[in-house]
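Okay, so here's the structure we're looking at.
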Amino acid sequence: MNQPNSDNVKFAITTPLYYVNAAPHIGSAYTTIVADVIARFHRLQGHSVLMITGTDEHGQKIQRAAEEQGIAPQEHCDAIADSFAALWHKLNIHYDRFSRTTATRHHAIVKEFFSRVWNNKDIYLSKQQGWYCVSCEEFKEERELLEGGLCPIHTNKKVEWRDEDNYFFRLSQYQERLEKLYSEQPEFIQPESRRNEVLNFVKGGLQDFSISRVNLEWGFPIPHDPNHTIYVWFDALLGYVTALLEPEDEPTLENALKNYWPINIHLIGKDILRFHTVYWPAMLMSAGMTLPGKVFGHGFLTKDGKKMGKTLGNTIDPIALLDRYGADAVRYYFLKEIEFGQDGDFNETRFVNVLNADLANDFGNLLNRSLGMLKKYCQSQVPEVKVTDFSETHPLKSIGVKLSDRVVNAYKSLNFTGVCEEIFNLIRACNKYIDEQAPWSLYKQKQQEEVEQVLYAVLESVRLCAYLLSPIIPNLCGDIYQQLGFELDFNNPTLINKTELFAEHSQWGILAGGKTLNKPHPIFNKLELPSQESNP
RNA sequence: CGCAGCGUAGCUUAAUGGUAAAGCGCUUGGCUCAUAACCAAGUGAAUACGGGUUCAACUCCCGUCGCUGCAACCA
């Protein structure tokens with residue numbers, strides 16, 4: 001196959017490999033949606049994209065969760081991993097790799113990586129003792145424990161006393177090199193506020209951290225010392241590397257790194273910032289590997305202004321949300337209404353209001369009314385209009401010709417709110433333009449040429465908006481493209497992943513005249529507000 | 001206790017030290033192509049509070065209150 005674009009720009013992005021201690025929650029869905037949008041945006045430009053997601057499946061917590069259900073750990077992992085994959089399917093996530101840390105090939109990668117770090121003398125055996133919370137998978141200070149030896153996070157779990165040999169990673173050796181990395185590559189940690197957090201933390205001095213556990217079966221053994229099991233984090237982060245292997249590759253680091261390394265963006269929640277911005281680069285330095293381009297730690301979601309949690313019983317079930325509103329609605333809300341990087345709130349009334357206002361009224365109705373007029377006034381035939389007939393100051397063209405650059409910039413800086421804002425600027429201008437031009441009056445006055453110009457300008461603007469919004473709401477945009485007579489399907493990467501296509505479709509004025517369009521239908525039905533009773 | 005960040009219209013957010021903006025919501029009017037949609041006008045902010053620096057402060061400094069994060073291994 002001759003794909004001139006596939007060797008051009010390479011782009012790799014990851015979500016966290018989600019821990020399989022429970023079914024996927026809305027926060028994981030949020031991260032994965034954003035990663036998918038970024039991946040789709042790059043594919044749209046014809047870049048060669050590798051989007052990685054997956055599951056982290058080792059550790060005592062998993063082992064015990066399985067025991068409680070009376071099933072084998074692997075069986076438990078399989079079930080949860082399936083539920084993640086099913087949710088991604090429902091959300092219309094197009095990932096390229098689903099990396100599971102229990103994969104055999106992952107074991108090979110971990111082994112090889114471990115021995116690199118080992119040979120670099122960055123791993124040593126020492127003692128770790130203290131109170132250990134299995135749910136946290138971590139040691140606790142005596143003073144932070146609640147009365148009765150309960151974990152402060154898992155308030156119903158007793159901590160256990162551990163006195164054990166652990167292998168440690170010499171993180172302390174990397175402070176200077178990490179600080180150098182942060183200053184030389186200021187965009188490595190984003191957003192800025194998180195970067196400062198990390199800078200502060202590292203400035204305070206780094207301690208070695210343990211990378212093994214004893215008395216733990218569910219995990220990979222430490223090479224040369226099978227009594228120890230590799231600690232989940234050390235193993236999990238490497239799942240990103242394993243994911244880079246082509247299916248037919250031998251599982252070696254060399255093979256994994258040949259194509260998509262270094263990864264461009266690790267997208268994570270702010271809770272796991274330190275692992276990705278401190279431990280991870282240090283581990284990679286030790287193994288002599290180049291470093292990822294960027295770690296972005298986004299915010300958390302609240303529900304009606306309150307922290308979500310099982311104890312509060314106010315979690316959002318992603319499946320229920322999707323069943324009720326559909327993938328594009330959920331994707332749009334998260335990208336448009338939540339300032340990326342900051343904490344964001346989910347409020348169902350606002351959710352419904354925003355979607356109805358933007359997708360049903362402004363955008364959907366715009367297409368519908370325009371196609372309705374095209375049918376009435378032009379027999380559903382796209383007018384033959386020359387782009388050059390429109391002056392540079394034309395209210396729609398003047399926005400349209402500049403839109404792509406602005407939107408691309410917003411996407412590149414991960415400013416998704418900005419993306420939507422730019423695009424809806426043109427959408428609102430279209431509605432205003434129709435009102436001012438009043439094609440129905442022009443038609444009655446037999447000014448057919450003017451009618452055609454107006455409708456062409458509007459339809460072409462709608463097309464451009466759909467094209468640029470397609471990473472966020474691919475189904476709706478695909479529907480719009482179909483109604484405008486294109487074969488393009490934004491869910492089919494082999495159709496859209498082309499540089500030339502982007503060069504053409506990101507312009508204003510490419511809609512070809514002469515096509516007869518099918519009967520229009522609404523792209524997005526208005527949503528119902530949640531019933532009053534459920535909102536006392 | 002300590003360190004850091006945040007606090008702008010009913011809501012979500014903007015604003016190189018230079019007239020505080022936008023969208024949603026709400027009110028009124030207009031239009032009739034359209035998904036009771038769209039367009040216009042209006043409504044609405046002592047920028048948390050109190051001081052200070054400055055010709056000028058949402059922006060810089062100090063303090064108070066409130067929220068959040070970090071405080072070593074929380075996917």
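We name chains A, B, ... by the order of the sequence lines, and we start the count at 1 in each one. For clarity, every value in this text was computed on a predicted model and none was experimentally measured.
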Problem - Heavy atoms from other residues, nucleotides or ligands near NZ of A:Lys303 exceed 12 (cutoff 6.0 Å) - result: yes
Completion exercise
Closest to the 5' end of RNA chain B, once A:Tyr18 and A:Tyr433 are matched to their nearest nucleotides, is A:Tyr433
Completion exercise
Between A:Gly204 and A:His25, whichever has its closest RNA chain B nucleotide further toward 5' is A:Gly204
Quickly work out the [X] [atom1] to [N] [atom2] distance and round it to whole Å.
| X | N | atom1 | atom2 | value |
| --- | --- | --- | --- | --- |
| A:Glu337 | B:C11 | CD | P | 14 Å |
| A:Arg350 | B:C24 | CZ | P | 14 Å |
| A:Arg195 | B:G5 | CZ | C1' | 15 Å |
| A:Ile189 | B:A4 | CD1 | P | 18 Å |
| A:Gln437 | B:C33 | CD | P | 16 Å |

N/O donor to acceptor pairs below 3.5 angstrom from side-chain atoms of residues 79-87 of chain A, sequence neighbours left out:
unit_1, atom_1, unit_2, atom_2, d
A:Ser83, OG, A:Ile80, O, 2.7

Exercise for the section: Report yes if the distance between the aromatic ring centroids of A:Phe220 and A:His228 is under 6.0 Å, otherwise no. Expected result: no
Exercise for the section: Would you please indicate yes or no on a ring centroid separation below 6.0 angstrom for A:His266 and A:Phe296? Expected result: no
Problem - Parallel, tilted or perpendicular: rings of A:Tyr124 and A:Phe168 (30°, 60°) - result: parallel
Handout entry: All pairs passing ring pair (Phe, Tyr, Trp, His ring centres under 6.0 Å) where residues 190-213 of chain A contributes a residue, at least two apart
Key = A:Phe169-A:Phe209, A:Phe209-A:Tyr279
Quote, to the nearest angstrom, the [atom1] distance that separates [N] from [M].
| N | M | atom1 | answer |
| --- | --- | --- | --- |
| B:C26 | B:U32 | C1' | 24 Å |
| B:G51 | B:C58 | P | 14 Å |
| B:G7 | B:U16 | P | 13 Å |
| B:A34 | B:A22 | C1' | 26 Å |
| B:G10 | B:C6 | P | 22 Å |

Handout entry: Base of B:A34 paired with side chain of A:Asn365 (donor-acceptor, under 3.5 Å)
Key = yes
Taking only the side-chain nitrogens and oxygens of [X], find out if one of them lies under 4.0 Å from OP1 or OP2 of [N].
| X | N | value |
| --- | --- | --- |
| A:Lys270 | B:G69 | no |
| A:Lys376 | B:A34 | yes |
| A:Gln342 | B:A14 | yes |
| A:Asn361 | B:C38 | yes |
| A:Lys432 | B:A40 | yes |

Problem - Runs of at least three consecutive pairs that involve RNA chain B, where pairs are Watson-Crick or G-U with distances under 3.5 Å - result: B:2-7 with B:65-70, B:10-13 with B:21-24, B:25-30 with B:38-43, B:48-52 with B:60-64
So if I take every side-chain heavy atom of [X] and compare against [options], which nucleotide ends up nearest?
| X | options | result |
| --- | --- | --- |
| A:Tyr279 | B:C73, B:C33, B:U35 | B:C73 |
| A:Lys526 | B:C38, B:G25, B:A37 | B:A37 |
| A:Pro522 | B:C39, B:C70, B:U35 | B:U35 |

Handout entry: Among A:Cys420, A:Ser461, A:Cys465, the one residue meeting side-chain contact (heavy atoms from CB on, under 4.5 Å) with A:Ile427
Key = A:Cys465
Practice task
Verify the stacking flag for A:Trp440 against B:C33: centroid separation must be under 5.5 angstrom and the ring planes must differ by under 30 degrees.
Solution key: yes
Practice task
Mark yes or no: A:Lys270 above the aromatic ring of A:Phe300, with NZ or CZ under 6.0 Å from the six-membered ring centre and no more than 45 degrees from the axis.
Solution key: yes
